[in-house]
A.B. asks: 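Okay, here's the structure, questions in a sec.
Just so we're on the same page: letters track the sequence lines, and every chain starts at 1. Quick note: numbers below take in every heavy atom, side chains included, and nothing from hydrogens, waters or symmetry partners.
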Number of protein chains: 2
Amino acid sequence: MSNGVTIGRAAAFVGVTVKTVRHYHRLGLVAEPERDSSGYRRYGSAELLQLVQVRTLAAAGVPLAGIGAVLDAEAAQFGAALADVGRQLTERIDELVARRDTLQRLADGDRALLPDRACAVLDRMRDLGLDPGYVAAQREALVLARALVPAGFDGFLGQLERGLHDREFVELTRRAWEAESWQPDDPRIEELAAALADRYLADPALLGDHASLRAWANAPAQYRLINNHREDRAPVAARLTALTEARLRAAGVPLPQR
Amino acid sequence: MSNGVTIGRAAAFVGVTVKTVRHYHRLGLVAEPERDSSGYRRYGSAELLQLVQVRTLAAAGVPLAGIGAVLDAEAAQFGAALADVGRQLTERIDELVARRDTLQRLADGDRALLPDRACAVLDRMRDLGLDPGYVAAQREALVLARALVPAGFDGFLGQLERGLHDREFVELTRRAWEAESWQPDDPRIEELAAALADRYLADPALLGDHASLRAWANAPAQYRLINNHREDRAPVAARLTALTEARLRAAGVPLPQR
DNA sequence: GTTGAGGTTGACCTCGGGGCAGGGTGGAGG
DNA sequence: CCTCCACCCTGCCCCGAGGTCAACCTCAAC
């Protein structure tokens with residue numbers, strides 16, 4: 001007799017691949033048809049009908065794992081089940097759209113990973129003639145700060161902005177970066193630390209506002225990490241920072257514990 | 001010294017799970033930090049920075065496999081790479097939206113798997129008092145026909161509609177369904193087949209229009225499958241169909257070969 | 001007889017991790 | 001000291017919806 005069609009024809013009729021049909025069999029969504037004398041599956045109309053039903057639901061986005069239940073459920077539950085699937089689809093769509101929006105903000109120019117205000121600060125640093133290496137280091141510190149201490153990020157930015165408006169402070173910053181080429185025991189390092197501490201004490205706003213200081217105090221581990229960033233590649237700067245911090249602490253400034 | 005933070009803290013800082021961090025290590029997206037004396041990973045700022053960068057891109061929908069390349073690429077390629085990812089995201093979003101739309105059409109009432117016109121035909125069958133079992137069988141045949149011979153589907157529908165407008169034909173259909181309770185050798189079966197064939201020959205439009213007939217002729221395997229659907233559960237109807245077809249062929253009607 | 005198309009099973013791959021097993025480590029409390 | 005609890009380590013299998021590769025078998029045509 002050789003009743004029915006082979007799997008290839010059945011798959012073609014319904015518009016799927018042979019693999020997919022076998023996959024549905026393995027999941028129990030479509031009954032296995034009888035085999036002919038040579039072991040080939042022979043599909044009759046009943047199996048094709050199931051295949052069409054499963055395919056229609058799958059193409060509509062119903063997860064394969066839920067198709068069995070949907071087909072078993074009669075009328076009343078059927079609509080509810082489909083509505084449920086639709087809700088899940090909507091959620092995933094919204095998530096993907098949000099991702100794409102984030103991506104577009106990232107791709108907007110090369111200013112990835114940081115908001116516009118931070119990019120402006122970095123641009124300003126470049127314009128002031130600060131070393132590109134220093135600017136890059138600040139950029140990394142900002143990226144870290146934003147992720148690790150989001151509550152203190154705006155304060156951190158404000159602190160940087162204020163520093164850039166202070167000509168003397170900018171000069172000190174420039175020298176501090178140049179100090180990297182000095183010997184580690186150069187006596188000028190101590191001098192520079194003292195000058196920096198004096199500047200901070202003369203204008204405490206350079207250390208950040210109240211909210212910002214509190215945020216840092218609440219996250220000492222993060223403060224240490226960000227503050228020590230690039231320490232290995234800039235040992236002189238590290239020593240400079242330590243000396244300056246010591247002086248500030250001695251003057252009563254409540255910096256987070258090291 | 002115990003420098004740096006453990007994996008759990010690092011993960012919490014960045015807002016991911018410990019598993020995710022280790023996953024990134026395995027993919028080479030974040031450098032493995034040094035281990036302390038007990039074998040624990042100790043994260044410094046450099047690793048955290050990488051983690052933040054990777055996380056930001058991943059959250060924006062960049063596939064992990066592409067993040068390495070994106071981070072390596074400088075400025076110019078960076079934007080292009082992100083734009084590319086954005087395009088892929090848009091494609092997937094469109095696909096999901098299309099799925100959801102399909103789903104909503106399906107969920108609209110219990111009339112799944114078939115278009116409105118077909119549902120109307122089935123409703124009309126019910127209204128005419130035809131047996132629910134018969135209507136269900138016709139529904140399955142329509143689902144199959146739509147998937148297997150889309151070109152002939154509208155013609156098939158039209159054929160059914162015309163039949164429903166023919167009072168005598170409806171009566172014959174009703175009797176044909178009742179015939180299932182007869183013995184397989186009941187002489188009334190032959191009579192009924194003759195009456196059906198006569199009715200078809202009296203109004204050949206009941207067999208479908210030209211386009212429809214051509215579509216069936218081009219898909220004999222599908223015709224056979226759909227025509228023989230439920231044959232196993234309705235042997236009398238099967239015999240009835242065969243007898244009727246034989247008469248029609250004898251009268252010169254070009255039905256597809258069995 | 002041979003060739004090419006199409007059938008059979010099975011095992012392994014995708015992507016972004018989640019979950020569990022089995023065991024080690026460190027600090028706090030009885 | 002012992003125990004509890006939280007945290008860390010590695011390694012394995014799991015998810016969805018199939019794709020891909022391998023090795024072999026069968027059918028129809030030349």
Side-chain angles (χ1 to χ4, degrees), chain A residues 1-30 32-43 47 51 54-70 85 88-89 91-92 95-96 99 221, chain B residues 1-30 32-43 47 51 54-70 85 88-89 91-92 95-96 99 221:
Chain A
M1 280 285 264
S2 173
N3 241 342
V5 299
T6 63
I7 192 171
R9 297 199 136 262
F13 284 172
V14 182
V16 298
T17 69
V18 170
K19 263 321 222 195
T20 301
V21 176
R22 288 204 274 248
H23 189 54
Y24 292 167
H25 286 320
R26 218 152 48 83
L27 296 184
L29 294 176
V30 175
E32 281 270 2
E34 309 224 323
R35 310 289 183 115
D36 63 14
S37 57
S38 62
Y40 287 13
R41 293 177 178 85
R42 287 295 175 167
Y43 290 81
E47 290 85 18
L51 203 44
V54 169
R55 188 64 222 166
T56 304
L57 290 176
V62 182
L64 296 192
I67 288 184
V70 170
V85 173
Q88 287 172 12
L89 269 184
E91 276 175 29
R92 277 183 46 198
E95 186 199 325
L96 283 187
R99 282 186 173 198
Chain B
M1 281 286 260
S2 174
N3 241 342
V5 299
T6 63
I7 195 172
R9 296 199 136 261
F13 284 171
V14 182
V16 298
T17 70
V18 170
K19 278 296 243 196
T20 301
V21 176
R22 287 202 273 250
H23 191 54
Y24 291 168
H25 287 320
R26 217 152 49 83
L27 296 184
L29 295 177
V30 175
E32 281 272 2
E34 310 223 322
R35 310 287 183 120
D36 65 13
S37 57
S38 61
Y40 289 10
R41 294 176 178 85
R42 288 293 175 170
Y43 290 81
E47 291 85 17
L51 202 44
V54 170
R55 189 61 223 166
T56 304
L57 291 177
V62 183
L64 296 192
I67 287 184
V70 171
V85 173
Q88 287 173 11
L89 269 184
E91 276 176 29
R92 278 182 46 197
E95 186 198 325
L96 283 187
R99 283 186 172 197

A.B. asks: Go through the N and O atoms of the side chain of B:K19 and the base of C:dG16, and report whether any donor-acceptor pair is under 3.5 Å.
C.D. replies: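 Donor-acceptor pair under 3.5 Å: no.
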A.B. asks: Whole-Å distance between D:dA17 P and A:L51 CG?
C.D. replies: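 From A:L51 CG to D:dA17 P: 16 Å.
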A.B. asks: Within a 6.0 Å radius of atom CZ on A:R26, are there more than 12 heavy atoms belonging to other residues, nucleotides or ligands?
C.D. replies: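 Incorrect, the count does not exceed 12.
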A.B. asks: What is the distance, to the nearest angstrom, from the CD atom on B:E32 to the P atom on D:dC9?
C.D. replies: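 Value for this atom pair: 9 Å.
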A.B. asks: Have a look at A:I7 and say if it touches a base, only the backbone sugar-phosphate, or nothing, with a 4.0 Å heavy-atom cut-off.
C.D. replies: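 A:I7: backbone/sugar contact only, no base atoms under 4.0 Å.
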A.B. asks: Rounded off to whole Å, could you give me the CG-to-C1' distance for the A:L57 and D:dG16 pair?
C.D. replies: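 A:L57 atom CG is separated from D:dG16 atom C1' by 16 Å.
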A.B. asks: Pick one: which of A:V70, A:I67, A:V14, A:V62 meets side chain to side chain contact (heavy atoms under 4.5 Å, CB included) with A:V54?
C.D. replies: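 Single side chain to side chain contact (heavy atoms under 4.5 Å, CB included) partner of A:V54 among A:V70, A:I67, A:V14, A:V62: A:I67.
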A.B. asks: Which whole-number value in Å describes the distance from A:R22 CZ to D:dA17 C1'?
C.D. replies: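 From A:R22 CZ to D:dA17 C1': 15 Å.
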A.B. asks: Considering every strand and a 4.0 Å limit on heavy-atom distances, what is the contact class for B:R99: base, sugar-phosphate, or nothing?
C.D. replies: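 Nothing: the residue B:R99, judged by heavy atoms under 4.0 Å, touches no strand.
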A.B. asks: Is a donor-acceptor pair below 3.5 Å formed from side chain B:Y40 to base C:dG24, judging by atom type as modelled?
C.D. replies: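 Donor-acceptor pair under 3.5 Å: yes.
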A.B. asks: Looking at the side chain of B:R55, which of D:dG19, C:dG17, C:dT8 is the nearest nucleotide?
C.D. replies: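 Selected nucleotide (nearest to the side chain): C:dG17.
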A.B. asks: Can you tell me how far apart CD (A:E91) and CG (B:L96) are? Round to the nearest 0.5 Å.
C.D. replies: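 A:E91 atom CD to B:L96 atom CG measures 12.5 Å (nearest 0.5 Å).
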A.B. asks: Are a donor atom and an acceptor atom from the side chains of A:Y43 and A:R9 found within less than 3.5 Å of each other?
C.D. replies: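 A:R9 and A:Y43 do not have a side-chain donor-acceptor pair below 3.5 Å.
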A.B. asks: Give the rounded distance in Å between these two atoms: CG of A:L27 and C1' of D:dA17.
C.D. replies: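 Taking CG of A:L27 and C1' of D:dA17, I get 9 Å after rounding.
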A.B. asks: Just call it for B:R41: base, sugar-phosphate, or nothing, with non-hydrogen atoms closer than 4.0 Å on any strand.
C.D. replies: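 Sugar-phosphate, no base atom in range.
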A.B. asks: For the side chain of B:T6, starting at C-beta, report the closest nucleotide among D:dC7, C:dG7, C:dG16.
C.D. replies: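 From the listed options, D:dC7 comes nearest.
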A.B. asks: Would you kindly give the CZ-to-P distance between B:R9 and D:dC7, to the nearest whole Å?
C.D. replies: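 In whole Å, D:dC7 P lies 10 Å from B:R9 CZ.
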A.B. asks: What's the spacing between B:L64 CG and B:H23 NE2 if we round to 0.5 Å?
C.D. replies: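 Here the interatomic distance stands at 5.5 Å.
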A.B. asks: Considering heavy-atom distances to DNA chain C, does B:A58 or B:S38 have its closest nucleotide positioned more toward the 5' end?
C.D. replies: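 It is B:A58, whose closest nucleotide lies nearer the 5' terminus.
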A.B. asks: Nearest whole Å is fine: how far is D:dC13 P from B:R26 CZ?
C.D. replies: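 Atom CZ in B:R26 sits about 13 Å away from atom P in D:dC13.
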A.B. asks: When you measure from the side chain of A:T17, which nucleotide among D:dA17, D:dG19, D:dC8 comes out closest?
C.D. replies: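 Taking heavy atoms from C-beta onward, the closest nucleotide is D:dG19.
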A.B. asks: NA contact type, A:R35, heavy-atom cut-off 4.0 Å: base, sugar-phosphate, or nothing?
C.D. replies: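 The answer is sugar-phosphate, as A:R35 gets under 4.0 Å only of primed atoms, P, OP1 or OP2.
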A.B. asks: If you find the nucleotide of DNA chain C closest to B:L64 and the one closest to B:S37, which residue's nucleotide is nearer the 5' end?
C.D. replies: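 Result of the comparison: B:L64.
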A.B. asks: Using a 4.0 Å heavy-atom cut-off, does A:R92 contact any base of the nucleic acid, only the sugar-phosphate backbone, or nothing at all?
C.D. replies: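 Nothing, no heavy atom under 4.0 Å.
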A.B. asks: Just the rounded figure in Å: distance from P of C:dG17 to NE2 of B:H23.
C.D. replies: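 Going from NE2 in B:H23 over to P in C:dG17 covers 6 Å.
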